[in-house]
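In what follows, a single structure is set out as structure tokens and then discussed.
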Amino acid sequence: MYALIDCNNFYASCERVFNPSLNGKPIVVLSNNDGCVIARSNEAKALGIDMGGAYFMIEEALKKHNVFVFSSNYTLYGDMSQRVMNTLAEFTPEIEVYSIDESFLNFEGFELLGDLKIYGTTIRNTVFRNTGIPVSIGIAPTKALAKLSNRIAKKNKEYNHVCVLDSQEKIMAALKITTVDNIWGIGRAYHNFLLNHGIQTTYDFVQQPEEWVRKNMSVVGLRLHKELKGEKCLELELVAMAKQNICTSRSFGRYLTDIDPIKEAMSNFASRCALKLRKDKSVCTLVQILLHTNKHKPDQPQYFVNKVITLPVPTNSTIELIQASLRALDLVYKPGYRYMKCGVIVSGIVPEDRVQQNLFDTVDRSKHNKVTTIMDKLNKSLGADFVKVGSLGVTKQWHLKAEKLSQCYSTRWDEIIVIK
DNA sequence: TCTGGGGTCCTAGGACCC
DNA sequence: TCTGGGGTCCTAGGACCC
């Protein structure tokens with residue numbers, strides 16, 4: 001058996017932990033740049049606020065209903081996630097952290113511990129006591145069924161947030177009450193496709209012949225089909241695989257036309273990518289930049305461009321990645337456009353101890369390594385970007401909007417909560 | 001004024017090899 | 001009439017996830 005533990009309305013719940021006066025009140029959390037709604041408390045959902053709605057279009061309505069609005073605070077959510085996962089790890093040796101707010105746990109053989117419903121409830125209570133975050137738990141024989149079970153636990157009050165699908169009858173009943181658009185792995189396109197073929201519930205879906213599923217939905221769909229019938233196809237991924245791409249991109253807080261502030265933004269994003277690489281003990285061989293105008297304004301001149309630079313030797317040096325990004329920017333930048341977004345993607349990622357050297361390489365990398373090591377050390381103890389490369393700049397014209405940001409209660413000494 | 005960011009996997013088709 | 005067969009690698013695009 002597998003358990004899927006999912007935090008309820010995670011970002012909204014994080015905001016509540018340190019501000020309990022928000023209990024019972026409607027809360028929404030906005031995306032970067034305060035762009036659109038990406039998390040809602042139950043009270044906000046009940047008001048009919050949609051996921052993904054543009055903030056500027058619903059701002060008035062939110063005010064009218066006294067909805068509390070927050071900019072996303074990933075420092076806080078990341079730290080809270082870590083606390084939840086640490087607690088979960090105490091309950092099983094095998095845990096796959098699937099996303100910032102979800103984990104799969106291997107419950108194989110746990111039936112011997114007694115009723116899984118009781119065990120799940122213990123986990124839920126412990127996570128809440130340790131972190132203040134409410135979770136829902138779905139338990140079933142495969143990962144896809146655990147997902148489905150989790151959804152039932154969350155949507156139906158009578159389960160008290162823990163649902164166990166441990167018999168064929170329970171599984172069949174669960175398949176019948178779950179429509180196909182709520183299956184993990186079925187998105188909008190497949191949903192429409194299935195509806196066109198008269199398939200509405202998950203039960204209808206598992207009745208289809210495997211060849212038909214394979215033909216129309218590729219091996220991914222077939223795997224899902226088998227999983228929903230109780231045949232295990234997806235294993236727990238206990239060790240996080242090395243990433244194939246690392247991307248840092250942002251919309252700007254306002255339009256940029258001059259190249260200089262864009263250079264500043266690009267330098268910052270390249271620097272972030274370098275830091276992420278070093279954290280993973282990896283290096284990259286390709287740097288790609290992207291630069292966009294505002295796609296939501298079709299009446300304005302549009303320019304979308306990507307540029308890839310191949311590095312002579314794989315690296316995670318902040319300095320080299322900034323240089324490559326700025327070189328790429330120079331090649332594609334055109335004046336006269338109102339730019340809205342840019343970013344840096346690094347790929348061709350390999351472990352840093354398996355670097356293929358280049359015979360004609362002239363850069364003294366040991367020097368770069370010394371510099372970045374010291375930079376990382378200082379920034380870790382004194383705060384992000386305490387020491388940085390000059391091209392990261394100080395004007396911050398590109399900075400995103402975050403007008404409703406809460407404090408970093410758990411990661412900054414000067415923002416720690418004070419109890420009077 | 002204002003519409004997020006960061007990922008994965010699979011497939012088809014083209015270019016190229018012998 | 002008829003124009004080989006068997007591969008690899010890369011890219012773009014589409015599907016999906018949180």
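Proteins get letters first, then strands, A, B, ... in listed order; numbering begins at 1 in each.
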So [X], base contact, sugar-phosphate only, or nothing? Heavy-atom distance under 4.0 Å.
| X | answer |
| --- | --- |
| A:E59 | nothing |
| A:K297 | base |
| A:R188 | sugar-phosphate |
| A:L400 | nothing |
| A:L30 | nothing |
| A:K243 | sugar-phosphate |
| A:N245 | sugar-phosphate |
| A:I183 | sugar-phosphate |
| A:M241 | nothing |
| A:Y190 | sugar-phosphate |
| A:D101 | sugar-phosphate |
| A:R223 | sugar-phosphate |

Apply salt bridge (charged side-chain N to carboxylate O under 4.0 Å, His left out) to the pair A:R16 and A:E43, showing each step before the final yes or no.
-> CA-CA 13 Å; A:R16 247 177 204 163; A:E43 298 78 8; 2.9 Å; yes
Pairs involving residues 73-82 of chain A, ordered by first then second residue, that meet side chain to side chain donor-acceptor pair (under 3.5 Å) (sequence neighbours left out) = A:E15-A:Y77, A:N73-A:S406, A:D79-A:R83, A:D79-A:S410
A:N32 and A:R250: side chain to side chain contact (heavy atoms under 4.5 Å, CB included), yes or no, with the steps?
-> CA-CA 8 Å; A:N32 269 330; A:R250 296 281 184 282; 3.8 Å; yes
Should stems be defined as at least three consecutive Watson-Crick or G-U pairs with both distances under 3.5 angstrom, which of them involve DNA chain B?
-> B:5-18 with C:5-18
Want to settle it: does A:T248 or A:K401 sit nearer the 5' end of DNA chain B, counting the closest nucleotide to each?
-> A:K401
5' precedence on DNA chain B between A:Q300 and A:I246 (nearest-nucleotide basis) | A:Q300
Do A:Y2 and A:F104 have their ring centres less than 6.0 Å from each other?
-> no
Using the benzene-type ring in the case of Trp, are the ring centres of A:Y333 and A:Y339 under 6.0 Å apart?
-> yes
Thinking salt bridges, do A:E210 and A:K229 make one under a 4.0 Å N-O criterion?
-> yes
Just the endpoints, please: which first and last nucleotides of DNA chain B, 5' to 3', lie under 4.0 Å from a heavy atom of chain A?
-> B:dC2 to B:dT11
Could you walk me through whether A:R129 and A:T87 pass the side chain to side chain donor-acceptor pair (under 3.5 Å) test, one step at a time?
-> CA-CA 10 Å; A:R129 194 180 64 229; A:T87 296; over 6 Å; no
Expressed in whole Å, how much space separates the P atoms belonging to B:dT3 and C:dC18?
-> 25 Å
Do A:E352 and A:N316 have side-chain atoms, one donor and one acceptor, less than 3.5 Å apart?
-> yes
Measuring from A:N8:CG to A:K154:NZ, what's the distance to the nearest 0.5 Å?
-> 5.5 Å
A:K143 pairs by salt bridge (charged side-chain N to carboxylate O under 4.0 Å, His left out) with which of A:E96, A:E102, A:E231?
-> A:E96
